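Beneath this line is the structure, given in structure tokens, with notes to follow.
All of these numbers come straight from a predicted model, not from anything done at the bench. Remember, it's 1-based here, ligands and their atoms both numbered in the order they're listed. Position 1 is the first residue of the sequence; numbering continues from there.
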Amino acid sequence: MSFRPYQQEVIEKIIEKMDRLVVMATGSGKSLCYQVPLLVVKKTGIVVSPLISLMQDQVMALKQRGIKAEYLSSAHKDYTIQEWGHDFRVEYKQLDKLRGVLLDVPYAGLTATATEKVRFDITNSLKMNNPYIVVGSFDRPNLFYGVKQFNRGQYFIDELVEEIPKEVANGSTIIYCTTIKDVEQIYKSVMNVGINAGMYHGQMDGKSREESHRLFVRDEKQVMVATIAFGMGIDKPNIRKVIHYGCPKNLESYYQESGRCGRDGIASACWLYYTRSDFSKGDYYAADLKSENQKKTVTESLLEAQRYCLTATCRRKFLLEHFGEKFAADRCGNCDNCTVLRQHRDMSKEAFLLLACIHSCKGRWGLNMSIDILRGSRAKKIMEAQYDKLPLHGLGKAYQANWWKALGHQLISLGYLKEFVTDVYRNVSVSSKGEQFLASCRPDYQPPLVLPLVGELAEEETRSAEEFKILAASESEG
Ligand SMILES: Nc1ncnc2c1ncn2[C@@H]1O[C@H](COP(=O)(O)OP(=O)(O)OP(=O)(O)O)[C@@H](O)[C@H]1O
């Protein structure tokens, strides 16, 4: 066996008793970096893990190789660290106390998703002494990334189940759900079509979870339907598909969970299915949080996950840049946005209306307000602000609200609009690029703005575009 990038140097440094911080992609082989030094120096190591399933997985794999290992876990609760991306886990901050007990023992922090701020927090909180820091690429080139919009209901579940390979030889699949109720429903549907599936969530007792995990790892269950309790650290080489049924709360979780896919390096796919209501769960996620700052962070993180779902540009580039890694090309050629041929259309007129309306609202509202104005709403808040008097009021009736939202999100992802969080509210304003576009427009002329028809923009496109043309013509005649 030869080492993978960084492994040898990291192993050597720990043997030299240097503290280390290792940030390497999912599936890149971080475990070896702390396991091998212990075997070489023949000493016991303490591994602190954030998830019970991760401990089970590691202990199981070590025992299979004849290495003595045990785990101690909290009795009932499955800890997850969704906040990993923005804040270093509070309990982990206490690990520096071990410094006074375990003298002359090197510390190693290993993660797949730490941003620069979190790296600093880790080395600081663990009082790392002149740590050796390794930051590898986050890219997983063999993974295909794709996103689809869905509407809740049995019809969609049947469609989703159809996409699961029926042959065990085709590898296994994980379906991540956002609620236990969804896990149970999808599990039932998968079993109904004769696919041998397992289930894993935090309300199952420890024994059933362990059994379910074991059967999946041994290929006795072909599909695992799970909440994110079955997440980080699951190391099964032949997972060919990771499906997210519902948008995750943040991209750190998404990267970790989708990172279970294709760990043997063979081409595999990560599909994320979102439904629009997923994006309004920010309040729910933030409900238990005390500080305004934490609430804002959760809202912003969900917003970033929403942007990932709605972007029409390269998904890999988007993900990598989220983690602060520059991806030189504009297209990776291995995501839906880079490979699917999409219809395009000149949306200059519609973009002009939306930008002009948002401009009139002066960044004081979210996207929905401008859409309501364009669609001619006479709701109280519109009348109170006298937005019904704007010349744009009602000019966008021909399109559904969701169509306008999809256009708005495209304009955000292309930099014509900026969405930002104030308190916990999401406001939208016109960016300088959008201002430039507006400056080049007149009511009867807009320079071409050709956009791909993604998601809801593609739906009802022909009918609405025709109606819009008729409406626009009658407005200009009148
Ligand atoms: N040098 C190597 N040669 C071959 N296989 C390796 C090597 N290093 C690690 N692996 C294998 O790669 C897989 C992924 O390794 P590991 O579980 O340590 O990844 P990780 O970096 O901890 O990922 P994650 O952050 O996603 O949990 C494992 O199956 C491991 O056995």
### Query
How far apart are the C-alpha atoms of Arg307 and Glu304, what are their side-chain angles, what is the distance that settles it, and do they pass the salt bridge (charged side-chain N to carboxylate O under 4.0 Å, His left out) test?
CA-CA 5 Å; Arg307 286 190 189 119; Glu304 193 64 0; 2.8 Å; yes
Taking distance alone, with no angle check, do [X] and ligand 1 share an N/O pair under 3.5 Å?
{"X": "Thr26", "value": "no"}
{"X": "Leu32", "value": "no"}
{"X": "Arg65", "value": "no"}
{"X": "Gly259", "value": "no"}

#### Entry: Ser2 near ligand 1 by a heavy-atom separation under 4.0 Å
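It does, in that a heavy atom of Ser2 comes within the 4.0 Å cut-off of ligand 1.
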#### Entry: Ala25 near ligand 1 by a heavy-atom separation under 4.0 Å
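Distance cut 4.0 Å: Ala25 passes for ligand 1.
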### Task
If the plane angle is over 60° it's perpendicular, under 30° parallel, otherwise tilted; pick one for Tyr245 and Phe150.
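Answer is parallel, since the angle falls under 30°.
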### Query
Considering only heavy atoms, does Pro237 approach ligand 1 within less than 4.0 Å through its side chain, its backbone, both, or neither?
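Neither part.
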### Task
Report the part of Asp235 in contact with ligand 1, treating N, CA, C, O as backbone and CB onward as side chain, heavy atoms under 4.0 Å; options are side chain, backbone, both, neither.
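Near ligand 1, Asp235 shows its side chain, while the N, CA, C and O stay back.
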### Task
Give the single entry among Glu257, Arg4, Arg263, Gln7 that approaches atom 12 (O) of ligand 1 most closely by any heavy atom.
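Of the listed residues, Arg4 has the closest heavy atom.
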I'd like to check which ligand 1 atoms, numbered from 1 as shown, lie under 4.0 Å from a non-hydrogen atom of [X].
{"X": "Ser31", "result": "16 (P), 17 (O), 18 (O), 22 (O)"}
{"X": "Arg260", "result": "24 (P), 26 (O), 27 (O)"}
{"X": "Phe3", "result": "1 (N)"}

Looking just at side-chain N and O atoms, do [X] and [Y] make a donor-acceptor pair shorter than 3.5 Å?
{"X": "Asp205", "Y": "Ser208", "value": "yes"}
{"X": "Gln256", "Y": "Thr26", "value": "no"}
{"X": "Thr275", "Y": "Gln149", "value": "no"}

### Message
Distance to the ring centre below 6.0 angstrom and angle to the axis at most 45 degrees; does that hold for Arg99 and Tyr107?
### Response
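Geometry flag: set, cation within 6.0 Å and 45°.
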### Task
With sequence neighbours left out, write down each residue that passes salt bridge (Lys or Arg N to Asp or Glu O under 4.0 Å) with Lys326, or none if nothing qualifies.
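By the salt bridge (Lys or Arg N to Asp or Glu O under 4.0 Å) rule, Lys326 matches Glu321.
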#### Entry: Donor-acceptor under 3.5 Å (Arg140 side chain, Gly262 main chain)
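The answer is yes, because a donor-acceptor pair under 3.5 Å joins these two groups.
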